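Take a look at the structure set out below.
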Amino acid sequence: MTLVDPQPTATAVPEGWVRVCAVADLEVERGRAALLGGTQIALFLLHNGRVHAVSNFDPYSRANVISRGIVGTRQDAPTVASPMYKQVFDLRTGACLDTQGKEPASLHVWPAAVSDGDVLVRWEAQA
């Protein structure tokens, strides 16, 4: 797992947002983990340039492994499949699309954006 630390930037970051890394630090359809305020998030860069930020904590295996998951799609939804028990999550909403027979659970989602080559996440600590 690669953890990226938030880096200072010369570009002004809007209030409530934090710069996590440069978009160049991400690989298309490969997850990266970042540590923000003691919380691990998983970042995913898609082919269309969109970045998604979800909890790295898999609610089924109870391990921080989502950044190692397999990126795909279900209909029009970008997804990630947990590398542990293979539950599939919608990267836009965090909803589990395939529970593999378990109770429904979801990933926390944070708004993410790319600005001037930087990945920004609207940060509020997970409740």
Side-chain angles (χ1 to χ4, degrees):
M1 168 175 57
T2 303
L3 286 177
V4 291
D5 291 320
Q7 302 290 319
T9 181
T11 307
V13 176
E15 187 175 335
W17 292 76
V18 63
R19 180 192 182 275
V20 180
C21 62
V23 73
D25 293 334
L26 303 178
E27 295 178 65
V28 174
E29 293 193 354
R30 298 282 307 241
R32 288 287 187 268
L35 186 60
L36 294 178
T39 300
Q40 287 191 31
I41 67 171
L43 299 171
F44 295 94
L45 174 63
L46 303 184
H47 283 288
N48 63 7
R50 176 102 168 96
V51 174
H52 293 275
V54 299
S55 175
N56 196 35
F57 184 76
D58 178 349
Y60 294 100
S61 69
R62 305 201 51 78
N64 287 300
V65 295
I66 294 298
S67 63
R68 297 181 187 181
I70 298 171
V71 175
T73 57
R74 288 273 173 100
Q75 296 168 338
D76 291 334
T79 61
V80 62
S82 170
M84 298 297 284
Y85 301 128
K86 311 305 183 232
Q87 283 84 6
V88 176
F89 298 91
D90 185 326
L91 287 171
R92 302 168 306 177
T93 66
C96 187
L97 303 177
D98 187 351
T99 64
Q100 300 290 330
K102 306 277 185 185
E103 290 295 318
S106 61
L107 301 176
H108 188 87
V109 175
W110 290 273
V114 175
S115 176
D116 295 327
D118 291 328
V119 175
L120 306 179
V121 172
R122 185 166 181 87
W123 181 246
E124 79 277 352
Q126 194 174 350

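A quick note: this is a predicted structure, and the numbers were derived from the prediction, not measured.
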Do you reckon [X] sits in the same ILVMFWY cluster as [Y], going by side-chain contacts under 4.5 Å, direct or chained?
X: Leu91; Y: Trp110; value: no
X: Tyr85; Y: Leu107; value: yes
X: Leu43; Y: Val71; value: no
X: Leu26; Y: Val121; value: yes

Can you give me the closest heavy-atom contact between [X] and [Y], atom names plus distance?
X: Lys86; Y: Gln100; answer: O-NE2, 3.6 Å
X: Met84; Y: Ser61; answer: CG-OG, 3.5 Å
X: Arg92; Y: Asp76; answer: NH1-O, 4.2 Å
X: Ala112; Y: Val51; answer: CB-O, 3.5 Å
X: Val23; Y: Leu45; answer: CG2-CD1, 4.1 Å
X: Glu15; Y: Arg122; answer: O-NH1, 3.8 Å

Side chains of [X] and [Y], heavy atoms from C-beta outward: is any pair under 4.5 Å?
X: Phe89; Y: Pro59; result: yes
X: Cys96; Y: Tyr60; result: yes
X: Asp118; Y: Trp17; result: no
X: Ile41; Y: Trp123; result: yes
X: Val109; Y: Val54; result: yes
X: Phe44; Y: Arg30; result: no
X: Pro78; Y: Asn48; result: no

With a 3.5 Å distance limit and no angle check, can you tell me whether Asn56 reaches the backbone of Ala42 through a side-chain donor-acceptor pair? no
With sequence neighbours excluded, residues passing salt bridge (Lys or Arg N to Asp or Glu O under 4.0 Å) with Glu27: Arg32
Tell me every residue that passes side-chain contact (heavy atoms from CB on, under 4.5 Å) with Arg74, counting only those two or more places apart in sequence or in another chain. Thr79, Val88, Leu97, Asp98
